[in-house]
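Along the sequence shown, residues are numbered consecutively beginning with 1. All heavy atoms count here, side chains included; hydrogens, waters and symmetry mates do not.
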Amino acid sequence: MAGYVNKVILIGRLGRDPEARTTQAGMKTVSFSIATSETWNDKASGERKEKTQWHRIVIFNDRVADVAERYLKKGSMVYIEGQIESRKFTDKDGQEREITEIVIGRFKGEMTLLDSRGSSESGGEVGGGGYAPRERTAAPAKAPARTGGAPSWDSPKGGDLDDDIPF
């Protein structure tokens with residue numbers, strides 16, 4: 001049935017290093033938990049309050065899983081876009097359990113690393129089956145200060161552009 005949406009967007013920090021596993025079919029999966037927080041001022045006491053929620057993330061996309069395993073660690077900040085899924089399982093004590101997870105599937109979902117991996121590199125964006133790193137380039141040369149606050153619309157050096165327009 002069309003028209004229903006199952007999309008979750010979270011930004012949080014990892015509570016521990018990711019765990020990588022391989023399924024019986026040979027597919028790599030990576031799982032970890034991230035914490036999100038909400039803060040507010042209590043009206044009665046004026047005290048600052050905070051509520052932290054933990055979300056279990058499971059990645060079924062091989063490329064995204066490789067990046068998560070390689071670059072994420074406890075404390076890393078990450079943007080996750082996936083689907084919420086619940087499943088039942090039997091634990092080691094024979095008890096029936098239900099768990100809710102945010103899933104990055106083989107063809108749906110996204111993960112973006114939000115904090116740096118050292119002093120000179122920034123995170124990368126991963127999703128839709130690929131890894132597109134956003135590497136920090138050298139700082140651009142500082143533009144000369146302009147007066148008046150308006151952008152300069154001067155034509156580029158090299159002459160008039162009217163001759164190059166094909167219509």
Inter-residue atom distance [X].[atom1] - [Y].[atom2], 0.5 Å rounding:
| X | Y | atom1 | atom2 | result |
| --- | --- | --- | --- | --- |
| Met77 | Ile34 | CE | CD1 | 9.5 Å |
| Ile59 | Leu72 | CD1 | CG | 7.0 Å |
| Ile57 | Leu10 | CD1 | CG | 5.5 Å |
| Thr36 | Arg13 | OG1 | CZ | 12.5 Å |
| Arg16 | Lys74 | CZ | NZ | 10.0 Å |
| Ile104 | Ser31 | CD1 | OG | 11.5 Å |

Sequence neighbours excluded - salt bridge (Lys or Arg N to Asp or Glu O under 4.0 Å) pairs with any residue from residues 47-57
Arg56-Glu101
Are [Y] and [X] co-members of a hydrophobic cluster defined by side-chain heavy atoms under 4.5 Å apart?
| X | Y | value |
| --- | --- | --- |
| Met111 | Ile102 | yes |
| Ile9 | Leu114 | yes |
| Leu113 | Val30 | yes |
| Ile99 | Phe32 | no |

Could you walk me through whether Leu14 and Lys73 pass the side-chain contact (heavy atoms from CB on, under 4.5 Å) test, one step at a time?
CA-CA 7 Å; Leu14 273 72; Lys73 63 182 187 297; over 6 Å; no
Which residues pass the salt bridge (Lys or Arg N to Asp or Glu O under 4.0 Å) test with Asp66, not counting sequence neighbours?
Lys28
Partner set under salt bridge (Lys or Arg N to Asp or Glu O under 4.0 Å) for Arg97, not counting sequence neighbours
Asp91
For residues 78-85, dump all side-chain donor-acceptor pairs below 3.5 Å to protein atoms at least two apart in sequence or in another chain.
| from | atom 1 | to | atom 2 | distance (Å) |
| --- | --- | --- | --- | --- |
| Tyr79 | OH | Glu81 | OE1 | 2.5 |
| Glu81 | OE2 | Lys7 | NZ | 3.3 |

Shortest non-hydrogen contact from [X] to [Y]?
| X | Y | result |
| --- | --- | --- |
| Thr100 | Ser86 | OG1-OG, 3.1 Å |
| Ser76 | Tyr71 | OG-O, 4.2 Å |
| Ala68 | Pro18 | O-CG, 3.7 Å |

Suppose we screen for side-chain hydrogen bond (donor to acceptor under 3.5 Å, both in side chains). Which residues come up paired with Glu19, at least two apart in sequence or across chains?
Arg21
Apply side-chain hydrogen bond (donor to acceptor under 3.5 Å, both in side chains) to Thr23 and list each qualifying residue two or more places apart in sequence or on a separate chain.
none
